[in-house]
Amino acid sequence: MGPAGAVEEPSVEGKAASRPRRADAPAASASRPLRLRDALRGQARVVGVLLAWSVLEAGQTFLLGYALARAMDDGFLRGRQGTGLWWLGLAAVGVPVGAYGTGRVFRGVAALVEPLRDRLVRRVVRRGLGDAVRGGGSGAARPADSAVVSRLTHQVEIARDAFGGLVMVLRSFVFTAAGALAGMIALAPVLLLVVLPPLAAGVGLFVAALRPLARRQDRFLSADEAVAEECGELAAGLRDITACGAREPMAARADVRIEAAQRAARSLARFGVVRTAALAIGGQLPLVLLLLTAPWLLSSHRVTPGALLGAFAYLTQSLQPALQNLLHTLGAAGTRLGVILARLTAPEPPEAPELPEPPAPPAVTATEPGLALQLRRLTFAYGPGAEPVLRDLDLGVAQGEHLAVVGPSGTGKSTLAGLVAGLLRPAAGEVRRNGEVVLVPQEAYVFRGTVAENVGYLRPEAGPDDVLAAVAAVGADALVAALGGPEGAVDPAELSAGERQLLALARTYAARGRIVVLDEATCHLDAAAEARAERAFAARPATTLLVVAHRISSARRADRTLVLDGPRTVCAPHDTLLAASPLYRDLTAAWSPAPAG
């Protein structure tokens with residue numbers, strides 16, 4: 001392979017078609033989805049540290065209401081300001097102690113969260129690679145599963161953040177509720193009769209709603225993946241969509257996916273009313289009941305004013321905020337986490353069976369007389385189980401013929417160029433060549449050195465006259481003159497993409513290869529420069545030219561055009577194709593500029 005992306009195959013006569021290269025199958029992941037308890041397995045020490053530090057939070061909550069009650073009953077209501085201030089001071093000391101414990105808890109949560117994230121990333125990548133090898137997609141022009149991008153960059157981070165938030169909030173609610181309820185028992189056990197029933201009812205209502213909420217979350221994530229996949233397909237085929245005049249139907253198809261995502265998002269948002277109702281029942285109703293029953297509690301059950309004030313403090317400062325955080329986290333992060341874990345770590349499909357070795361090709365692979373290139377039942381797929389990009393393609397290209405290749409994105413144009421050049425190996429059939437092949441890809445490579453070194457790279461014995469002739473033939477003479485002639489310095493960073501293409505074309509023209517493959521090698525040139533370069537190769541003695549067309553005007557200049565259209569693939573001159581190929585008519589009609597020269 002030449003450094004400019006030009007590939008020269010010294011001699012391909014007698015070369016046999018061989019077995020297609022396969023990526024090693026990825027290691028199998030677990031056969032069942034990852035569950036939350038799996039994330040905690042082997043983390044007993046970390047969980048123990050979390051629980052130990054959380055005790056400080058429960059102690060702070062206990063002191064908040066209990067010390068306030070004692071300050072009122074034993075201190076201020078009896079005229080003992082010193083006693084009241086002592087109890088309030090004790091409650092104040094509990095605040096920094098609890099904050100210190102919460103700070104230590106964050107370190108433990110990080111020790112739980114990061115291993116889960118790493119496991120998810122490994123499983124998503126392994127699954128994506130496995131699907132690609134098994135051919136999980138509909139073709140080889142795009143990844144087997146474009147939605148894997150959404151899973152890796154978006155859903156894994158959602159799972160990471162949701163798991164961390166869930167651990168923090170669940171832990172906080174449990175220990176805060178324990179501290180508050182223990183404080184009420186210490187003050188007056190009868191307070192639990194007023195507080196516990198609505199609190200339990202609010203939490204129970206929300207727990208009952210988690211399953212339908214998870215279903216809505218799953219639909220939302222499916223719609224999000226569908227939008228990501230659709231946008232990826234549209235971006236990959238944007239040029240062909242424009243060329244075929246298919247912008248409106250493609251936009252309409254994208255609108256369907258986007259509207260579905262919007263509906264799923266609205267449905268998910270509307271379900272938030274359940275969270276509001278649960279919070280009202282579990283967080284607000286106990287306050288109302290405590291106010292309504294205050295006279296009865298004070299008169300009939302010897303509940304002191306301080307104990308009643310402490311109960312209000314427990315509700316407003318501890319239980320209500322903890323419940324609100326719990327419902328918000330479970331309603332958003334919790335349901336998303338369960339859905340995402342199930343989606344990201346679903347069981348992988350069974351491995352595709354090993355393909356049998358293809359039969360040995362015939363020993364003689366020379367083309368038929370008069371042909372420079374011959375394809376016989378050529379089939380190629382990117383992976384053993386993938387849908388073939390090319391299937392049973394038969395084609396003969398005469399020596400000296402100029403052939404253009406057109407078709408929508410994903411139909412195998414660049415794949416065909418790679419097969420002709422020998423960079424790819426067919427899964428079935430064979431490629432026969434009569435002569436050396438030089439391939440010029442879309443992204444041309446030039447290196448630091450002189451113009452002569454770049455242009456003559458594939459023909460070391462080329463002299464200055466050969467270099468200048470090649471430069472002039474492809475229309476790069478003005479560029480070379482600006483660089484200082486054959487001995488002028490080439491700095492790739494200072495050249496535009498089109499200028500690099502001109503130098504790569506001159507290099508190819510100067511090379512000895514008699515089968516020239518231009519894989520959109522003029523896409524950065526204007527139509528006139530493209531026409532000049534293609535005509536130069538077509539007129540070069542004993543040269544067979546195959547052009548993967550960037551503009552339909554390339555097809556007008558060719559002797560024949562190969563229209564890759566799946567089972568409707570056809571190869572014929574321009575006028576014949578206008579009658580025989582609906583796709584070619586669409587491509588031609590969509591190309592409004594008149595062909596250059």
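Quick caveat: nothing in here was measured; it's all calculated off a predicted structure.
Looking at L290 and L191, their side chains come closer than 4.5 Å, going by heavy atoms from C-beta outward. Looking only at side-chain heavy atoms (C-beta outward), L291 and L287 stay at 4.5 Å or farther from each other. F62 places none of its side-chain heavy atoms less than 4.5 Å from the side chain of T176. Within the 4.5 Å cutoff, the side chain of T304 has no heavy atoms near those of the M72 side chain. In this structure the side chain of F76 reaches within 4.5 angstrom of the side chain of L85, judged on heavy atoms. The closest side-chain heavy-atom distance from T83 to R70 is not below 4.5 Å. Using a 4.5 Å heavy-atom cutoff, the side chains of Q262 and R257 are not in contact. P189 has its side chain out of reach of M184: every pair of non-hydrogen atoms, C-beta onward, lies at least 4.5 Å apart.
Between the side chain of K413 and the backbone N or O of P408, at least one donor-acceptor pair lies under 3.5 Å. Judged by distance alone, with hydrogens and angles left aside, the side-chain atoms of D519 form no donor-acceptor pair with the main-chain N or O of A417 at under 3.5 Å. A donor-acceptor pair under 3.5 Å is formed between the side chain of Q501 and the backbone N or O of A521. Side chain of R500 to main chain of L495: a donor-acceptor pair is present (N/O by atom type, distance under 3.5 Å, no hydrogens or angles). Side-chain N or O atoms of R448 include none that pairs as donor or acceptor with a backbone N or O of V490 at under 3.5 Å. Judged by distance alone, with hydrogens and angles left aside, the side-chain atoms of S172 form no donor-acceptor pair with the main-chain N or O of M168 at under 3.5 Å. A side-chain donor-acceptor contact under 3.5 Å links E499 to the backbone of S496. Between the S267 side chain and the A264 main chain, no donor and acceptor come within less than 3.5 Å of each other.
In plain terms, the two heavy atoms of L323 and G283 that are nearest each other are CD2-N, 3.5 Å. A pairwise comparison of heavy atoms in S318 and T61 identifies OG-CG2, 3.5 Å as the closest pair. The shortest heavy-atom contact between G282 and P286 is O-CG, 3.4 Å. Here the closest non-hydrogen pair linking D74 and W87 is OD2-NE1, 4.5 Å. Minimum interatomic distance between L187 and G65 (heavy atoms only, all atoms of both residues): CD1-O, 4.3 Å. A313 and L64 make their closest contact through O-CD2, 4.1 Å (heavy atoms, listed as atom of the first residue, atom of the second, distance).
Residue L292 holds its CG atom at 10.5 Å from CG of L297, rounded to the nearest 0.5 Å. Going from atom CG of L315 over to atom CD of Q284 covers 10.0 Å, rounded to the nearest 0.5 Å. Atom CZ of F380 and atom CG of L390 lie 8.5 Å apart (nearest 0.5 Å). Rounding to the nearest 0.5 angstrom, the gap separating the CD atom in Q320 from the CG atom in L199 is 11.0 Å. Rounded to the nearest 0.5 Å, atoms CG (L170) and CZ (F173) are 9.0 Å apart. A distance of 13.0 Å separates CD in Q324 from CG in L319, rounded to the nearest 0.5 Å.
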